[in-house]
Protein chains: 2
Amino acid sequence: MSIQQDKIPEATLQRLPVYLYRLQTLQADGVGRVSSRTLAAQLRINSSRLRQDFHHFGGFSRPGQTYEVSHLVERLREILALGAPVHYVIAGAGYLGQAIAAYPRFGEDGFRLAGIFDINPKLIGLRFRGVAVQDIELLPELVGRLGVKLGVITTSPEAAQGVAELMVRAGITGIWNFAPVGLQVPEAVTLQDEFLSAGLMALHYRMQEGERGPEHRR
Amino acid sequence: MSIQQDKIPEATLQRLPVYLYRLQTLQADGVGRVSSRTLAAQLRINSSRLRQDFHHFGGFSRPGQTYEVSHLVERLREILALGAPVHYVIAGAGYLGQAIAAYPRFGEDGFRLAGIFDINPKLIGLRFRGVAVQDIELLPELVGRLGVKLGVITTSPEAAQGVAELMVRAGITGIWNFAPVGLQVPEAVTLQDEFLSAGLMALHYRMQEGERGPEHRR
DNA sequence: TAGATTGTTAATCGATTAACAATC
DNA sequence: TAGATTGTTAATCGATTAACAATC
């Protein structure tokens with residue numbers, strides 16, 4: 001059974017990591033099997049959605065039988081291509097870059113920090129997860145030498161475009177961008193924007209909505 | 001003209017901050033007017049989408065006339081209820097909590113850090129944005145005294161549920177949660193989950209998809 | 001067997017895009 | 001005026017939910 005399948009919906013893709021985390025927690029708790037109803041209830045989603053999401057891949061279980069937790073974890077990790085370690089570099093060693101470098105989860109998921117870079121001399125030499133901050137000019141050499149494909153941008157908005165171009169020239173093919181600007185990258189480069197302010201503002205808006213009372217929400 | 005309107009679509013709400021940022025940049029660059037076509041091109045979205053989003057509120061411009069940048073900025077800030085400063089607290093003063101405390105953008109947007117808390121004695125007393133880390137036990141008093149409604153959770157997954165309950169009891173009505181667990185909160189509390197791993201995993205998946213070549217993507 | 005469960009198709013719902021009249 | 005633009009309705013597209021046969 002190959003994991004080669006039709007392009008899966010974006011909405012489904014965004015949920016796979018959520019399923020994986022929940023299932024790993026169940027596994028750690030010693031739960032052997034779980035039904036779509038129970039799992040969906042824990043994630044507070046509709047069980048049809050869950051089954052429909054799994055349906056894009058197939059082979060998760062059989063009618064009448066609940067899901068085997070360990071099998072689901074295995075399949076999801078396979079689908080998400082988390083079998084082999086994934087190396088990545090960070091550009092921008094400020095607070096946010098440090099937070100990502102130090103975030104233990106990414107390591108557990110199989111992501112390995114290969115390098116962290118900045119232009120600020122004060123930051124160069126500081127160590128995170130055993131990796132010392134280097135001058136940004138050294139990024140291309142390291143990326144080329146280790147064949148790193150994944151780059152994280154946690155620089156200022158002003159510096160982000162330049163850093164993105166540097167990364168692309170060095171051979172990076174996927175950029176996780178935390179700078180609140182629209183980056184221009186070649187078609188072949190995959191871009192994932194993470195715009196933290198949007199989350200905060202959306203939350204604040206919905207809080208107001210709640211204040212006005214449910215009768216105003218229709 | 002009131003901003004009281006029907007519940008706006010979630011998809012539209014998530015885009016409003018993106019529009020606001022782009023428009024503020026244009027404003028800073030001295031751009032006075034902009035068409036939906038130009039603005040949409042800069043954000044790499046369809047111009048119909050932009051006009052449809054604005055249509056939920058009304059009064060952004062008139063047929064035949066382009067948008068006035070300053071008016072759009074004003075309206076969006078009004079819609080997002082960013083007129084008065086919004087106070088918030090952070091629970092969890094690790095790297096991620098520090099990053100949020102120090103993130104200059106939030107301040108510019110009108111969000112003010114009222115307090116930052118942790119259980120780790122080593123972190124207590126450290127200052128971020130002029131605010132000293134305090135023991136988590138002191139959170140309810142401060143939240144009650146200042147009437148803070150917005151709380152950010154950047155603790156470990158294990159501690160998150162307890163902290164959420166502490167916040168809710170203290171009077172917090174909106175929680176921005178960075179811990180990768182499903183929090184149980186009362187109906188009246190607005191919850192915004194920020195699951196960073198999902199972004200990273202989705203990016204990694206799409207990079208593989210790109211590698212397999214566009215012909216496999218249909 | 002009887003009750004519960006998945007895989008899968010169909011129905012519903014919501015979001016995006018197209019089209020165009022009214023307007024500048 | 002002629003060309004361009006918005007607001008708004010309609011058409012399309014995609015995602016969610018419901019329903020149920022096949023299966024345990």
Side-chain angles (χ1 to χ4, degrees), chain A residues 1 3 5-16 18-19 23 26 31-73 75-76 79 198 202 206 209 217-218, chain B residues 1 3 5-16 18-19 23 26 31-73 75-76 79 198 202 206 209 217-218:
Chain A
M1 175 169 28
I3 60 162
Q5 70 283 314
D6 287 347
K7 193 169 192 301
I8 63 165
E10 189 59 32
T12 296
L13 173 56
Q14 297 288 338
R15 280 190 295 267
L16 295 185
V18 179
Y19 298 153
L23 287 161
L26 289 176
V31 176
R33 307 195 75 96
V34 69
S35 70
S36 62
R37 198 145 103 79
T38 305
L39 184 53
Q42 290 174 358
L43 299 167
R44 291 202 281 300
I45 63 169
N46 188 296
S47 71
S48 277
R49 186 143 100 189
L50 197 140
R51 292 201 301 280
Q52 187 69 279
D53 280 341
F54 288 175
H55 180 232
H56 290 106
F57 307 99
F60 279 61
S61 183
R62 282 182 298 182
Q65 268 199 164
T66 53
Y67 298 106
E68 194 187 322
V69 174
S70 64
H71 182 236
L72 247 55
V73 167
R75 286 284 281 133
L76 287 171
I79 290 163
R206 279 198 255 103
E209 211 173 39
R217 281 188 276 168
R218 286 217 314 187
Chain B
M1 173 169 30
I3 60 162
Q5 71 283 313
D6 286 348
K7 192 170 192 302
I8 62 164
E10 190 58 33
T12 295
L13 173 55
Q14 296 288 338
R15 280 190 294 266
L16 295 185
V18 180
Y19 297 154
L23 287 160
L26 289 176
V31 177
R33 307 194 76 96
V34 69
S35 70
S36 62
R37 198 144 102 78
T38 305
L39 183 54
Q42 290 175 357
L43 298 168
R44 292 203 279 304
I45 63 169
N46 188 296
S47 71
S48 277
R49 187 143 97 190
L50 197 139
R51 293 201 301 281
Q52 187 69 278
D53 280 342
F54 288 175
H55 181 233
H56 290 106
F57 309 97
F60 279 59
S61 183
R62 283 182 296 182
Q65 269 198 163
T66 54
Y67 298 106
E68 193 187 324
V69 174
S70 63
H71 182 236
L72 247 55
V73 167
R75 286 285 280 131
L76 287 171
I79 291 163
R206 280 198 255 103
E209 212 172 39
R217 281 187 276 169
R218 285 217 314 185

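Proteins get letters first, then strands, A, B, ... in listed order; numbering begins at 1 in each.
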Considering only side-chain heavy atoms of [X], which listed nucleotide, [options], is closest?
{"X": "A:S35", "options": "D:dT5, C:dG7, C:dT5", "value": "C:dT5"}
{"X": "B:R49", "options": "D:dT5, C:dT16, D:dA19", "value": "C:dT16"}
{"X": "A:S61", "options": "D:dA15, C:dG7, C:dC24", "value": "C:dG7"}
{"X": "B:H55", "options": "C:dA15, D:dT5, D:dT8", "value": "D:dT8"}
{"X": "A:N46", "options": "C:dT6, D:dA18, C:dA15", "value": "D:dA18"}

In whole Å, what is the span from the [atom1] atom of [X] to the [atom2] atom of [N]?
{"X": "A:I8", "N": "D:dG14", "atom1": "CD1", "atom2": "P", "answer": "15 Å"}
{"X": "A:R51", "N": "C:dT9", "atom1": "CZ", "atom2": "C1'", "answer": "12 Å"}
{"X": "B:H56", "N": "C:dA15", "atom1": "NE2", "atom2": "P", "answer": "8 Å"}
{"X": "A:L39", "N": "C:dG7", "atom1": "CG", "atom2": "P", "answer": "12 Å"}
{"X": "A:F57", "N": "C:dG7", "atom1": "CZ", "atom2": "P", "answer": "13 Å"}
{"X": "A:I45", "N": "C:dC13", "atom1": "CD1", "atom2": "P", "answer": "19 Å"}
{"X": "A:E10", "N": "D:dC13", "atom1": "CD", "atom2": "P", "answer": "19 Å"}
{"X": "B:F60", "N": "D:dG7", "atom1": "CZ", "atom2": "P", "answer": "9 Å"}

- Ring geometry between B:F54 and B:F60 (parallel below 30°, tilted from 30 to 60°, perpendicular above 60°): parallel
- Message: Assuming nearest nucleotide by heavy-atom distance, tell me which of A:T66 and A:S48 is located more 5' along DNA chain C.
- Response: A:T66
- Message: Using a 3.5 Å distance criterion without hydrogens, assess whether the side chain of A:R15 forms a donor-acceptor pair with backbone atoms of A:L50.
- Response: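 No.
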- Task: Give a yes or no answer on whether the side chain of B:S61 reaches the backbone of B:T66 with a donor-acceptor pair at less than 3.5 Å.
- Result: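 Looks like yes, one N/O pair under 3.5 Å.
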Touch class at under 4.0 angstrom, heavy-atom based, for [X] against every strand present:
{"X": "B:F54", "value": "nothing"}
{"X": "A:R62", "value": "sugar-phosphate"}
{"X": "B:R15", "value": "sugar-phosphate"}

- Query: With nearest nucleotides of DNA chain D determined for A:G64 and A:Q52 from heavy-atom distances, which residue corresponds to the more 5′ nucleotide?
  - Reply: A:Q52
- Query: Where each residue is assigned the nucleotide of DNA chain D containing its nearest heavy atom, which of A:Q65 and B:Q65 is assigned the position nearer the 5′ end?
  - Reply: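 The residue whose closest nucleotide sits nearer the 5' end is B:Q65.
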- Query: Would you say B:Y67 reaches D:dG7's phosphate, i.e. side-chain N/O to OP1/OP2 under 4.0 Å?
  - Reply: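 The answer is yes; a side-chain N or O of B:Y67 sits under 4.0 Å from OP1 or OP2.
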- Message: If you count heavy atoms of other groups shown closer than 6.0 angstrom to CZ of B:R37, is the number above 12?
- Response: no
- Task: Look at B:E10 together with A:R206 and state whether they make a salt bridge at an N to O cut-off of under 4.0 Å.
- Result: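 Looking at A:R206 together with B:E10, the answer is yes, because their closest N to O distance falls below 4.0 Å.
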- Would you sort out whether B:Y19 and B:D53 count as a side-chain contact (heavy atoms from CB on, under 4.5 Å), showing the intermediate values? CA-CA 10 Å; B:Y19 297 154; B:D53 280 342; 2.5 Å; yes
- Residue matched to C:dA4 through Watson-Crick or wobble contacts both under 3.5 angstrom: D:dT23
- Message: Could you identify the nucleotide paired to D:dA10, looking across every strand shown and requiring Watson-Crick or G-U wobble geometry with both distances under 3.5 Å?
- Response: C:dT17
